[in-house]
Q: 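Here it is, the structure in full.
Only this structure's heavy atoms are used, side chains among them; waters, hydrogens and symmetry mates stay out. Each residue takes its place number in the sequence, starting with 1.
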Amino acid sequence: MGDFGHGSTGLVDLVVLLRRPFQQIHFANMGSLLNPFLLHGCSAFAHLVLFLVLFMYWICSRVIKKGGSSSGSGIGAEIHKECRHGWVDGGVVIQFDLVFRTLASVAVFVYLYAYFPSSSAVKFPLSLSLWWGLFFILSCSTLVVDIVSYRKTRSLSIELWVLDVVSVFAGLFFVFAGLFGKKEGEGDLLRQPLLNGCGPNSLEESKKTLGGENVTPYASANPLSLLTFSWLSPLLAVGKQKTLDLEDVPQLYSEDSVRTCYPVLRDKLNSYSGNGVTTTPILVKALIFSLWREIIFTAFLAVIYTLASYVGPYLIDTLVQYLNGRREFRNEGYLLVSAFIFAKLGESLSQRHWYFKLQQAGIRARSALTVTIYNKGQALSSQAKQSHTSGEIINFMTVDAERIGDVSWYMHDIWLTPFQVILALLILYKNLGLAALAAFVATIVVMLANIPFGNWQKKYQEKLMECKDGRMKKTSEILRNMRILKLQAWEMKFLSKVMEVRKEEEGWLRKFWHAQAVITFLFWGAPAFVSVITFVACTFMGIPLESGKVLSALATFRILQEPISNLPDTISMMIQTKVSLDRLASFLNLNELQPDVIENTPKATSEVSVEIRDGNFSWDPSSPKLTLKDINFQARHGMRVAVCGMVGSGKSSLLSCLLGEVPKVSGTVKLSGTKAYVAQSPWIQSGKIEENILFGKKMDRERYEMVLEASALKKDLEILSFGDQTVIGERGINLSGGQKQRVQIARALYQDADIYLFDDPFSAVDAHTGTHLFKECLLGFLKSKTIIYVTHQVEFLPSADLILVMKDGRIVQSGKFDEILNSGTDFMELVGAHNKALSAIESAEADSCSENSTSNREDGNVESKKTLEQQEDKEKEQNGKLDEIVAPKAQIVQEEEREKGKVGFHVYWKYITMAFGGALVPFILLAQTLFQLLQIGSNYWMAWAAPVSKDAKPVVGGTTLITVYTALAIGSAICVFARAFLLVTAGYKTASILFNKMHFCIFRAPMSFFDSTPSGRILNRASTDQSSVDLNIPYTIGGFAFSMIQLLGIIAVMSQVAWQVFVIFIPVVAICIWYEQYYIPTARELARLVGVCKAPLIQHFAESIAGSSTIRSFDQESRFMNENLELNDSYSRPKLNASAAMEWLCFRLDLLSNVTFAFSLIFLISVPEGIIDPSIAGLAVTYGLNLNILQSWVIWNLCNLENKIISVERMLQYSSIPSEPPLVIEENRPKHDWPSDGEVDIQNLQVRYAPHMPLVLRGLTCTFPGGTKTGIVGRTGSGKSTLIQTLFRIVEPAAGRISIDGINISTIGLHDLRSRLSIIPQDPTMFAGTIRSNLDPLEEYTDEQIWEALEKCQLGDEVRKKEFKLDSEVVENGENWSVGQRQLVCLGRVLLKRSKVLVLDEATASVDTATDNLIQQTLKEQFADCTIITIAHRITSVLDSAIVVLLDDGLLAEYDTPTKLLENKSSLFSKLVAEYTTRNCRGN
């Protein structure tokens, strides 16, 4: 009240000054003490002295160089308003008093703003407190004088009474502030209801209290703070002085936390869906009843807002008649002004809290839905997962849940729109009689015109979402497998696939935009259309069009524009939301894992640990073909059960049965005790190695060290810069395959479960490490546990208490090793293949012994090795020192980069000039300007040409009046139509260009970018930010420009009536801009935090879905659920505070715009009758009714634009990623038959993964002869895979070079290099699609060639069994194929490609020995004259190599033929072979 009252005080001061510049009133009978000259002279002198003192203080501080520091304090804003107290007519003296008061108030404001907050004082300065005391005394004295004057003369204007009373209360307030007021940040809410600051000294305290565990002040705020949103002021103060971080944002109020919202929604869904089926109506009902309090309260606020907004149009005719001289009673003008102002205040307050509560409800709904989707995703059956990929499930969260949260804005429009139309028709009926029926019909016509466009939008929205789902699915899959795409030189082909989907998406987007443009045209054209129809009806009915009634109708039409416009928006949003609700309801009805698949019994109650009896299982329950048939076996506590068989025999499916992952058709599965699971394809979480191993358990240091030792991780952790604190990238990208597998094993060991399930964990590690793991883990650490392990290594079978041999989904043999060895052909086949591999080793060793007996070169060989080792030790030492100097320690995965500070102008400029070089922008602005001029012109014409009353003579005839108005209305409609279509054209084109640029840069980025960037960050930009650019930003930028033009138009109209409005308008605008500048740093960083906090939520979501089977196997669902809840709240915190901050600003802007409106009204009723045309004055008021909305809209649009443009900033950030070297270098292209020999020459090769990371390869020099086979061996993590990545230039050398057939590979294009090489990678990859598209993604080969390749890689029969043969479906990640089969598909690719250089990176790690032997034979036959580089943990795979390269810790430890290396029994290779042989001998 204080602010409003004193704002009015200053206004009336100026009005009185303008009206009566030199009046004097003599008080002849009063004493000198009550003489107004004396009082105002004292006041003027005192204010002058204060001004001079402050001015001299400022001069001195500048001269002495004692500059005060800036502050966020806004108390001066109140001083500026409050000090301008009452007016008593007193001629020139009184005017001097007013001038000096104003100067002194400004000086006090400047002083408080610039100097006081930086001081260490707790209270205001004593001098200022004394001054406020003097001000209070002067105010009281003025009130006494006026009381005495009234008693003597019985006459005193109401303005002076109001000013005196307000001045006294203001003085009392300042005296209280001077005595008790504390500095900002001390918690006194009354000190500043409009703006709370925070001095620097309280900043550190704010850091401690705002974020962390401190709950938002909203939870304990008093009513005044809630009313004015002042509870948010501490956060804004911190944001003004520093860049906000998430820890600065306070925790959510408990009612806003998802921990409160989700259980409510869950319970409602469970109670309403009695049969377990969630339909769309049930989901809607659950959401409504979860938020019923917010819905009822916002409905009440919506009614208040609607009623208040119609007060102005209702009273305009009365105001015009008052200005025309028709006055019903004394002080009618002030009563009218009060009604206008109080209505605007009620409108502002109700609207601000209505909007905030809607957003609050929307955030609660989104959070609860997100967790619901997460829980459902965790419980999905395997078949349901195949129908909905992880990308689609992520879209449910990022798009559909967000949209349902956003629909809260429109939830009341269904009933509010008819209510608003009825109110408008009542006002029109009061003014225009039966012509209101014409307005009603016109309104219905406009609303009906929106229906077909709404239907179109529904169709376009559905198609748009389908295309977006497909695009996100492809993008997500591509990002997961970017390494293989780059190795195969396929990335541009897959980019074209994404572009194809985007092209289809853009087609629907363009149609969506065009429909939106028509709806926009209807929105802006509707008031003109309805008004033309209404005025024409008045003419035909003979209803006189008086200016007051016309202006009231025009104001009503303008408000009627809202429900008319809301209808298509509501229809559009409801349609979009209906689509999202249908999608979510369909998702929530997907099949979940059967809860009764496994019977869990306490360990103490049964001797049997694992039992399956008469088990029949199928991944697809609807299919007649069973995955596993007639499974019967049991394992007692402490037994070791081995599972073996050929590729695709059902080994992994058997473990999945024990996890409850495979739907049970019949039979029983019993488990006794807790379980732990090690998957065949490692699932590693982003985070520290320690966190992955502990996996939610508390740290037990002794057990932890034992686990590291057993899982052979200690040496690896010593090599890593941060040890077990090293942050693992997404999907473990900075770990080798063996390291990932061992981290998985360590995670299982640390859990101390009763039953351990291992799915072939030894295939990804070398022989030595495999032996260590088997001995230390299975035979040692877990000797008392029940273990079921799948393995292809026959040597690990004899240690099992029970061996299960599987074939075609059945257990064909079971028993101990010796028992089943001779009881069937299947097991004999596996053992025979293994013995054949062993005989190759024995043969090689025999050859080496023979050569050793006939030659005496061993000593020289040993000597040369010693020399080589000494040289390498020296290099190692030097490189180690180099690492210490060059490579600072840094994690590979860094915090997400976010811009800080103001969004640069270049971002806006790039955006608006991206489409057609910005050529459409001038035309868009011109169309809007013409529209505004024509609209103002049409309203001005009606106000000027229509008579003021029935008695006045019309300026023009009725026909001319309507004709001119109609012509102007049609012209404005044409302009708005042109503007709408130009805007959507520019927006659509810009969105397309941004998409293409960002995706091209992402696909051309080096692999290091994907290693260090979680896919969630990229998907966030491709999904959320792209949606914002597609659908929001064009209208946001346009809205700001258009609202600015409209605001200028309103001010121009108001200034035509009273130029004096600029006296108040300019300072009000200045204060508005200051508020905006105070608000925007916080709002901008909150918007950025929203984007930054969303990526971890998406990433956690994606990781949880990918590892759901592992999470369930460890019974960790509740922990992951808690993490999801925390991430949801972390995302909601900045989002909710950003919404509140917007309302904080808008509330203050509304109050300030009401000051301008109040000033203009007071001026209009104060000027003498006849000076201002009442009709034009009424027109100014008509426009002024929208001033607060439009002034707030300009600032809101400006702030919203800066928040939304962050999406463009983030996309531009990824549009400037450093690119890989060129794909093709035209002037340096190799010949078409390169490489012809395939010789690979490596010279002093040094490689590191990033500038801040240590060297992985440290000075390798060797040659791989052309046309021969080279084997690369070494312990896990020794640099084998890194060498291969360098060969393909996935990683560029830090020093040295690699040449193939004499050409330095660094001098040719990447595609020229990669397309001439072939690789079967360590992690077999298949893409969603068909068998054909997986073997031949570039569509280069015939079906005959593809079938031939399938035959050679042992998959021909498997594919023929399938119904669609080559067109058989492959789901995401190839999940419907076993890992071994996926590796065979990769083999098929290279058989088709037939390159001269072939790299096998653990190509047969996931296949059985028999299949491995067949593959090796196929490779010998098909690539007899090619260079084959083999990385293998199976020693048998490299024994027939011409050269063996043994790497150790990034150095070349040994390089020679296998025979020569085996001659030297002390060589590392000999020891590796001996270890492998010994292990197998033990096994046999």
Q: Considering residues at least two apart in sequence or located in another chain, which fulfil the side-chain contact (heavy atoms from CB on, under 4.5 Å) criterion with E691?
A: K688
Q: Kindly compute the distance separating NZ (K740) from CD1 (I689), expressed to the nearest 0.5 Å.
A: 12.5 Å
Q: Should T1330 and L1366 count as side-chain neighbours, where that means a heavy-atom distance under 4.5 Å?
A: no
Q: Please test S814 against I820 for side-chain contact (heavy atoms from CB on, under 4.5 Å), starting from the C-alpha separation and ending with a verdict.
A: CA-CA 7 Å; S814 65; I820 64 173; 5.7 Å; no
Q: Is a donor on one side and an acceptor on the other found under 3.5 Å between the side chain of Q744 and the backbone of W683?
A: yes
Q: Would you indicate whether the side-chain heavy atoms of L380 and I393 approach each other to under 4.5 Å?
A: yes
Q: Would I788 and F758 count as a side-chain contact (heavy atoms from CB on, under 4.5 Å) here? Give the steps.
A: CA-CA 6 Å; I788 301 176; F758 291 92; over 6 Å; no
Q: Rounded to the nearest 0.5 Å, how far apart are CG of L1387 and CD1 of I1320?
A: 4.5 Å
Q: Can you tell me if D614 uses its side chain to pair, donor with acceptor, with the backbone of G667 under 3.5 Å?
A: no
Q: How would you list, by chain and number, every residue that makes a ring-ring contact (aromatic ring centres under 6.0 Å, His included) with F1327, sequence neighbours excluded?
A: F494
Q: Where the side chain of N616 meets the backbone of D630, is there a donor-acceptor pair that is under 3.5 Å apart?
A: yes
Q: Between Y677 and L659, does a side-chain contact (heavy atoms from CB on, under 4.5 Å) hold up when you go through it step by step?
A: CA-CA 8 Å; Y677 172 59; L659 294 171; 3.7 Å; yes
Q: Between atom CG of L1350 and atom CG of L1391, what is the distance when rounded to the nearest 0.5 Å?
A: 9.5 Å
Q: Are K651 and Q680 close enough, and set up right, to give a side-chain contact (heavy atoms from CB on, under 4.5 Å), and what steps lead you there?
A: CA-CA 11 Å; K651 302 182 295 298; Q680 187 173 14; over 6 Å; no
Q: Are the side chains of C777 and I745 in contact, using a 4.5 Å heavy-atom criterion?
A: yes
Q: Testing the basics here: between V669 and C657, what is the closest heavy-atom pair and its distance to 0.1 Å?
A: CG1-O, 4.3 Å
Q: If the condition is side-chain contact (heavy atoms from CB on, under 4.5 Å), which residues does T791 pass it with, not counting sequence neighbours?
A: D760, F762, Y789, Q793, F796, L797
Q: Report the C-alpha distance between K783 and E776 in whole Å, list the side-chain angles of each, state the deciding distance to 0.1 Å, and finish with yes or no for salt bridge (Lys or Arg N to Asp or Glu O under 4.0 Å).
A: CA-CA 9 Å; K783 60 185 177 183; E776 296 296 327; over 6 Å; no
Q: Under a 3.5 Å distance rule, please check whether K697 uses its side chain to pair with a backbone N or O of R747 as donor and acceptor.
A: no
Q: Rounded to the nearest 0.5 Å, what's the gap from CD1 on I598 to CG on L671? Could you check?
A: 5.0 Å
Q: Find out whether I1346 and R1332 are in side-chain contact, i.e. whether some heavy atom of one side chain is under 4.5 Å from a heavy atom of the other.
A: yes
Q: Check whether more than 12 heavy atoms from other residues, nucleotides or ligands sit under 6.0 Å from atom NZ of K714, and answer yes or no.
A: yes
Q: Is a side-chain N or O of R640 found less than 3.5 angstrom from the main chain of S799, in a donor-acceptor match?
A: yes
Q: Would you please name every residue forming a side-chain contact (heavy atoms from CB on, under 4.5 Å) with A1328, sequence neighbours left out?
A: K473, E477
Q: Strictly below 4.0 Å, N to O, side chains only: are R613 and E599 in salt-bridge contact?
A: no
Q: Between atom SG of C1386 and atom CG of L1400, what is the distance when rounded to the nearest 0.5 Å?
A: 11.0 Å
Q: In the structure I gave you, are the side-chain heavy atoms of V1385 and L1335 within less than 4.5 Å of one another anywhere?
A: yes
Q: Does the side chain of I755 come within less than 4.5 Å of V610's, by heavy atoms?
A: yes
Q: Partners of S1109 by side-chain hydrogen bond (donor to acceptor under 3.5 Å, both in side chains), sequence neighbours excluded?
A: none
Q: As an exercise, state the distance from CD1 of I787 to OG of S609, rounded to the nearest 0.5 Å.
A: 10.5 Å
Q: Taking the side chain as every heavy atom from C-beta outward, state whether K785 and D752 have any atom pair closer than 4.5 Å.
A: yes
Q: Going by heavy atoms in the side chains, are I693 and L713 under 4.5 Å from each other?
A: yes
Q: Identify the two heavy atoms, one from V662 and one from S653, that lie closest to each other, and give their separation to 0.1 Å.
A: CG2-O, 3.8 Å
Q: List the residues meeting side-chain contact (heavy atoms from CB on, under 4.5 Å) with Q1116, not counting sequence neighbours, and say none if there are none.
A: F695, Q751, I1111, F1114, R1119, F1120
Q: What is the minimum heavy-atom distance between M806 and S649, and which atoms define it?
A: O-CB, 3.4 Å
Q: Decide whether S381 and N591 meet the rule of one side-chain donor and one side-chain acceptor closer than 3.5 Å.
A: no
Q: Hey, does the side chain of T1430 reach the backbone of G1271 with a donor-acceptor pair shorter than 3.5 angstrom?
A: no
Q: Quick one: closest heavy-atom pair of L749 and A710, and the distance?
A: CD1-CB, 4.0 Å
Q: Report yes or no: does R742 contribute a side-chain atom to a donor-acceptor pair with the main-chain N or O of A712 at less than 3.5 Å?
A: yes
Q: If you take all heavy atoms of T627 and S618, which pair is closest and at what distance?
A: OG1-CA, 3.4 Å
Q: So, are D754 and K675 salt-bridged, with charged N and O less than 4.0 Å apart?
A: no
Q: Which atoms form the tightest heavy-atom contact between Y750 and D700, and what is the distance?
A: OH-N, 2.6 Å
